[in-house]
Amino acid sequence: MQPTMTVEYMKDAPPRIFDVHVHYRWRRCQDGFKLDVQAEILAHVCRRLNIRKLCLLGRRGEEGWCPTLEAHERFPDLVVPMAQISLDDDGPDTLSSLRERGFRGLKITMPNRNYDDEAYYPTYERAQELDLRILFHTGIRGGPIDYLLFHPRDAALAEAYSWDSEQAGAGTTRGAARMQPIFLDTISLAFPRLRIIGAHLGYGLYDSAAAVARWRRNVTFDISGGKVVRRHIVERGMIGTEILPEKLVFGSDCDITHMSREVTAWMDAFQSLGLSDEDQDKIFYRNAAAIFGEDA
């Protein structure tokens, strides 16, 4: 029997939130049974923050995406299950299987080729046929060391904790050059019925992301990425000048303990930008609800 969720929404949070970018940090007990408390904690945090819907991004390595589906089965009105796939290892048949299992969309990152390489077109075509939304990582990927904050004086330490050493000589080129938001322009033109979300507003490539969103009906960007992405959006006054509120969706992309910080920080940011309650609701909820076919 599914648990009954008693909803007691916070008065100082937005009236409703649709979070399109949530990673599920899950684990199993030593006896092999899933820690149901993880889904309960996630649901509790969402109730407190007025998060009515969230896209839970599962990985194949997490027991074939099973924990994400289990969370959806436990809280079907809250969790929208999304599967992270590899464009280089997973093809159209994988997508068909995922759709049959109940997934509503895909998360894509770290390709060996550019996102708009035609080798990936059969996968995009199947996603369009199956009505699977795709959340693409766009822009620079963060790493274990932030060199704006920490100078790499200890070369050995930097090497030990750097992703660069893990990828050097691996025969792949998986940096931001393969994940530029401009590639979503090509994909959107080739597959006009495919619902596309670019993560982080192209972190570091904001102008390209905003330009694509301006001219492509089926491309939207999430505003996840923490204080760096938020600072650039606010200080440049991008919302309303470079990109409309209708083209943005909310994403937390952080651990559960910091979700409230992201919600509060964006509320303050929207107030500082002078966004109306209606425009804030579009970004926090309505735009994502429309993309996923939920009641807005």
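Quick caveat, the model's predicted, so the values are computed rather than measured.
- A donor-acceptor pair under 3.5 Å is absent between the side-chain atoms of Arg101 and the main chain of Ser96, judged by distance alone.
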Side chain to side chain contact (heavy atoms under 4.5 Å, CB included) assessment of Leu56 paired with Leu42: CA-CA 10 Å; Leu56 198 57; Leu42 179 62; 4.1 Å; yes
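- Nearest approach of Trp65 to Gln84, heavy atoms of both residues: NE1-O, 3.0 Å.
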For a side chain to side chain contact (heavy atoms under 4.5 Å, CB included) check, start with the C-alpha distance between Phe136 and Thr109, then their side-chain angles and the critical distance, and finish with the verdict. CA-CA 6 Å; Phe136 289 89; Thr109 186; over 6 Å; no
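- Under the 4.5 Å side-chain heavy-atom criterion for grouping Ile, Leu, Val, Met, Phe, Trp and Tyr, Val234 is connected to Ile283 within one hydrophobic cluster.
- Residues His23 and Cys254 have side chains not in contact (no heavy-atom distance under 4.5 Å, counting atoms from C-beta outward).
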Does Gln280 form a side chain to side chain contact (heavy atoms under 4.5 Å, CB included) with Asp277? I'd like the steps, not just the answer. CA-CA 5 Å; Gln280 292 186 45; Asp277 290 345; 4.3 Å; yes
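- Between the side chain of Thr138 and the backbone N or O of Ala199 there is at least one donor-acceptor pair closer than 3.5 Å.
- Residues Arg216 and Asp185 are paired through a salt bridge, judged by an N-O separation under 4.0 Å between the basic side chain and the carboxylate.
- Here the side chain of His44 pairs no donor or acceptor atom with the backbone of Cys46 at under 3.5 angstrom.
- A distance of 6.0 Å or more separates the ring centres of Phe18 and Phe284.
- Proximity of Leu201 to Leu248: side-chain heavy atoms (C-beta onward) are separated by under 4.5 Å at one or more points.
- Between the side chains of Asn114 and Arg178, a donor-acceptor pair is found at a separation under 3.5 Å.
- Tyr115 and Leu87 get closest at one heavy-atom pair: CD2-CD1, 3.9 Å.
- Using modelled atom types, no side-chain atom of Asp222 and backbone atom of Phe250 make a donor-acceptor pair closer than 3.5 Å.
- Heavy atoms only, all atoms of each residue included: Gly202 and Ala209 are closest at N-CB, 4.2 Å.
- Residues Leu54 and Leu69 share a single hydrophobic cluster, defined by chaining ILVMFWY side chains whose heavy atoms lie under 4.5 Å apart.
- In this structure, Arg230 is positioned above the aromatic face of Trp266, its NZ or CZ under 6.0 Å from the six-membered ring centre and within 45° of the axis.
- Atom CD of Glu278 is separated from atom CG of Asp281 by 8.0 Å, given to the nearest 0.5 angstrom.
- For the side chain to side chain contact (heavy atoms under 4.5 Å, CB included) criterion with Arg126, the lone passing option out of Leu95, Leu132, Thr94 is Leu95.
- The shortest distance between side-chain heavy atoms of Ile108 and Leu135 does not fall below 4.5 Å.
- Under the 3.5 Å distance criterion, the side-chain polar atoms of His200 are matched with a main-chain donor or acceptor of Ser224.
- For the pair Asp253 (side chain) and Gly225 (backbone), a donor-acceptor distance under 3.5 Å is absent.
- Put simply, Ile182 and Phe191 are part of the same group of oily side chains (I, L, V, M, F, W, Y) that touch within less than 4.5 Å, one to the next.
- Here the CD-CD1 distance, from Glu118 to Ile187, works out to 11.5 Å after rounding to the nearest 0.5 Å.
- Inspection of the Arg48 and Ser260 side chains reveals no N or O donor paired with an N or O acceptor under 3.5 Å.
- Between Pro111 and Asp88, the closest side-chain pair of non-hydrogen atoms falls below 4.5 Å.
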Should Asp131 and Arg99 be marked as a salt bridge (charged side-chain N to carboxylate O under 4.0 Å, His left out) after you check the CA-CA gap, both sets of side-chain angles, and the distance that decides it? CA-CA 9 Å; Asp131 200 25; Arg99 191 67 183 92; 5.6 Å; no
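- With a 4.5 Å cut-off on side-chain heavy atoms, Tyr24 and Leu57 do not count as touching.
- Residues Met179 and Met110 share a closest heavy-atom pair of SD-N, 3.3 Å.
- At distances below 3.5 Å, at least one donor-acceptor pair connects side-chain atoms of Arg52 with backbone N or O atoms of Pro15.
- Residues Ile197 and Phe221 are not in side-chain contact: their nearest non-hydrogen atoms beyond the backbone lie 4.5 Å or more apart.
- Checked by atom type and distance alone, the side chain of Asp268 never pairs as donor or acceptor with a backbone atom of Gln271 at under 3.5 Å.
- If you take CD on Glu70 and CD on Glu63, they are separated by 7.5 Å, rounding to the nearest 0.5 Å.
- Within the 4.5 Å cutoff, side-chain heavy atoms of Lys107 are placed close to those of His21.
- One distance of note links CG of Leu273 with CD1 of Ile233; it measures 9.0 Å at 0.5 Å rounding.
- Between Asp207 and Arg236, some side-chain heavy-atom pair lies under the 4.5 Å cut-off.
- Across all non-hydrogen atoms, the minimal contact from Ala176 to Gly139 is CB-O, 3.5 Å.
- A tilted orientation is assigned to the rings of Tyr203 and Tyr206, their planes being inclined by 30° to 60°.
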Determine, stepwise, if the pair Arg286 / Glu294 fulfils salt bridge (charged side-chain N to carboxylate O under 4.0 Å, His left out). CA-CA 9 Å; Arg286 284 172 55 191; Glu294 303 288 344; over 6 Å; no
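- The minimum heavy-atom distance linking Ser252 with Asp19 is given by the pair OG-OD2, 2.5 Å.
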For a side chain to side chain contact (heavy atoms under 4.5 Å, CB included) check, start with the C-alpha distance between Arg195 and Asn218, then their side-chain angles and the critical distance, and finish with the verdict. CA-CA 5 Å; Arg195 265 74 71 86; Asn218 55 331; 5.6 Å; no
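- In this structure, NE2 on His258 lies 12.0 Å from OG1 on Thr264, to the nearest 0.5 angstrom.
- Criterion: ILVMFWY side-chain heavy atoms under 4.5 Å apart, direct or through other members. Under it, Ile243 and Leu275 are part of a common hydrophobic cluster.
- We find that Arg193 and Glu129 are not joined by a salt bridge, their nearest charged nitrogen and carboxylate oxygen being 4.0 Å or further apart.
- Under the 4.5 Å side-chain heavy-atom criterion for ILVMFWY residues, no single connected hydrophobic cluster contains both Phe183 and Leu205.
- Using a 4.0 Å cut-off between a side-chain N of Lys or Arg and a carboxylate O of Asp or Glu, Glu242 and Lys247 do not qualify as a salt bridge.
- Using modelled atom types, one finds no donor on one side chain facing an acceptor on the other under 3.5 Å when comparing Asp116 with Tyr121.
- Counting only distance, with no hydrogens or angles, the side chain of Arg74 and the backbone of Ala39 share no donor-acceptor pair below 3.5 Å.
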